[in-house]
Amino acid sequence: MNDSNPNPAGAVALCCSHVEGATWESRLRAALPKASLTVWPAVAAEAECAIVWSPTQAFMDAHPRLRVIFNMGAGVDALMRLRLPTHARVVRIEDGGMAVQMADYVCHAVLRHFREFDAYADDAAAHNWRPRKPRLRADFPVGVMGLGALGLRVTETLVKFDFPVLGWSQSIKHVEGVTCLAGADAFDEFLSRTRILVCMLPLTPLTRDIVCSATLSRLLPGGYFINVARGAHLVESDLLALIQSGHLAGATLDVTREEPLPPGHPFWTCPQIALTPHIAGQTVIDEAITQIASKINAGFGDPRLSGFVDPERGY
Ligand code: NAP
């Protein structure tokens, strides 16, 4: 692999435990016709480039010359827990068709809660015609934790529904119509002005367990939590206790600490919790492959290349 070569064709190691692994492989072969693609558990020890989905430590150890590892999704927390080859840099998918799905999902959850659609569905099931008083958007400010490729799109879409929207990130952002706050010092203010909290953070040592009793109890009374990031952001017993105490109205969870959610887990039977099986933003194979192939074809010396993960920050 040569940084300056605009059309590098080298050994590429593919490690894909995805259910659609065969589709990934055939589409990658078509998108990278000059590359020699080796599919794990076959080993291309000379490979400087890998494309991975949930790789194992054995895969990393078998490819010590890797310089660039393309992750087939946006979240890299599982990858960052591995011991990577010394000179390897990780590149993640940026949006790749996931941002619009996240916007669908979060706006649907916000609107379902705000417009009380679950209560109307229960009424309809009981043949009960019962209009409720309209609620004011001003009473339901939505706070989005994480203003990256996905969180930004979500805040922009929520603004179009006229909700007051707050955003919180590591470094300060400027988004029209959104009250942007940044850093640990602003976290209290962010929470105390939020009623519907949305987690769109990457999972890092700083963000693990960030949604806990202390966090959730600072939300405006009748708070609601939506998690579309990672299960380990949430201390699950704290969420349940605050729902039971009535401080929180409920939650929509796309992710849980253990996936699939085990039988008998209290989330299954908590009426105030809506669950989905980690589908909020699914990788769109063609968009992801176009993004990865264009970066490989550009050569890794291209200064416009983006999506590199900072190993210090973990995202
Ligand atoms: P991203 O572009 O890396 O953005 C991450 C955002 O979080 C940035 O705004 C960053 O702040 C902020 N952040 C990170 N650490 C922080 C901290 N300690 N305090 C405050 N803000 C912090 O990530 P993305 O592409 O939007 O994806 C976000 C996450 O969504 C992924 O990591 C993944 O776990 C999850 N995800 C879930 C699904 C699903 O289906 N449920 C699908 C795809 C992704 P700065 O901007 O200042 O750096």
Side-chain angles (χ1 to χ4, degrees), residues 1-98 148-150 202-204 230 281-315:
M1 192 78 51
N2 178 349
D3 276 357
S4 56
N5 180 353
N7 265 315
V12 175
L14 173 65
C15 179
C16 182
S17 58
H18 194 275
V19 280
E20 294 198 73
T23 310
W24 273 94
E25 183 188 340
S26 63
R27 304 265 173 90
L28 278 167
R29 285 194 193 283
L32 296 167
K34 293 182 185 168
S36 139
L37 200 67
T38 303
V39 184
W40 177 257
V43 174
E46 75 284 13
E48 296 185 347
C49 171
I51 304 171
V52 302
W53 182 287
S54 297
T56 57
Q57 186 61 52
F59 172 84
M60 294 300 164
D61 294 344
H63 297 92
R65 299 186 60 188
L66 290 179
R67 288 174 46 208
V68 183
I69 301 171
F70 288 95
N71 187 50
M72 293 170 176
V76 293
D77 42 290
L79 194 49
M80 300 315 279
R81 284 197 286 274
L82 299 178
R83 201 174 48 257
L84 302 181
T86 321
H87 300 294
R89 299 178 75 191
V90 174
V91 180
R92 65 195 195 81
I93 296 293
E94 301 167 279
D95 180 354
M98 284 180 277
L150 306 182
L203 183 63
T204 70
R230 288 289 184 264
Q282 294 178 283
T283 300
V284 180
I285 297 181
D286 284 337
E287 292 199 31
I289 287 177
T290 302
Q291 198 174 110
I292 291 170
S294 71
K295 288 180 181 180
I296 290 177
N297 287 331
F300 305 130
D302 187 331
R304 291 163 301 178
L305 271 199
S306 58
F308 284 109
V309 172
D310 177 343
E312 292 293 314
R313 298 190 312 181
Y315 72 97

| message | Among residues at least two apart in sequence or on other chains, which ones pass salt bridge (Lys or Arg N to Asp or Glu O under 4.0 Å) with Glu20? | response | none
| task | List in chain and number order the residues that pass side-chain contact (heavy atoms from CB on, under 4.5 Å) with Ser17, two or more places apart in sequence or in another chain; answer none if no residue qualifies. | result | Trp53, Ser54
Run the side-chain donor-acceptor check on residues 71-79: report pairs under 3.5 Å with partners two or more places apart or on a different chain.
| from | atom 1 | to | atom 2 | distance (Å) |
| --- | --- | --- | --- | --- |
| Asn71 | ND2 | Gly73 | O | 3.0 |
| Asn71 | ND2 | Gly75 | O | 3.1 |
| Asp77 | OD1 | Arg230 | NE | 3.0 |
| Asp77 | OD2 | Arg230 | NE | 3.3 |

| Tyr315: what forms a ring-ring contact (aromatic ring centres under 6.0 Å, His included) with it, not counting sequence neighbours? | none
| said: I'd like to know if the side chain of His63 and the backbone of Ala44 have a donor-acceptor N/O pair within less than 3.5 Å. | reply: yes
| task | Please collect all salt bridge (charged side-chain N to carboxylate O under 4.0 Å, His left out) contacts where either partner lies in residues 282-291, sequence neighbours excluded, each pair once. | result | Arg27-Asp286
| Sequence neighbours excluded - salt bridge (charged side-chain N to carboxylate O under 4.0 Å, His left out) pairs with any residue from residues 80-91 | Asp61-Arg83
| For Arg92, what residues pass the salt bridge (Lys or Arg N to Asp or Glu O under 4.0 Å) criterion, not counting sequence neighbours? | none
| message | Which heavy atom of Ser306 sits nearest to which heavy atom of Glu94, and what is that distance? | response | OG-OE1, 2.8 Å
| request: Report yes if some heavy atom in the side chain of Val284 is under 4.5 Å from a heavy atom in the side chain of Met98; otherwise report no. | output: no
| task | Name all residues meeting the salt bridge (Lys or Arg N to Asp or Glu O under 4.0 Å) criterion together with Arg313; count only those two or more places apart in sequence or in a different chain, and write none if there are none. | result | Asp310
| note | Sorted by chain and number, sequence neighbours left out, side-chain contact (heavy atoms from CB on, under 4.5 Å) with Val91 holds for Val68, Phe70, Lys295, Phe308
| To the nearest 0.5 Å, how far apart are OG1 in Thr38 and CG in Leu14? | 9.0 Å
| When rounded to the nearest 0.5 angstrom, what is the spacing between CD1 in Ile51 and CG in Leu28? | 4.5 Å
| task | Identify, with sequence neighbours excluded, every residue that meets salt bridge (Lys or Arg N to Asp or Glu O under 4.0 Å) alongside Glu25. | result | Arg29
| At what distance, to the nearest 0.5 angstrom, does CD1 of Ile292 lie from CG of Leu32? | 9.0 Å
| Residues two or more places apart in sequence or in another chain: which of them pass side-chain contact (heavy atoms from CB on, under 4.5 Å) with Ala22? | none
| note | Across all chains, not counting sequence neighbours, the side-chain contact (heavy atoms from CB on, under 4.5 Å) partners of Ala50 are Ala13, Val52, Phe59, Leu66
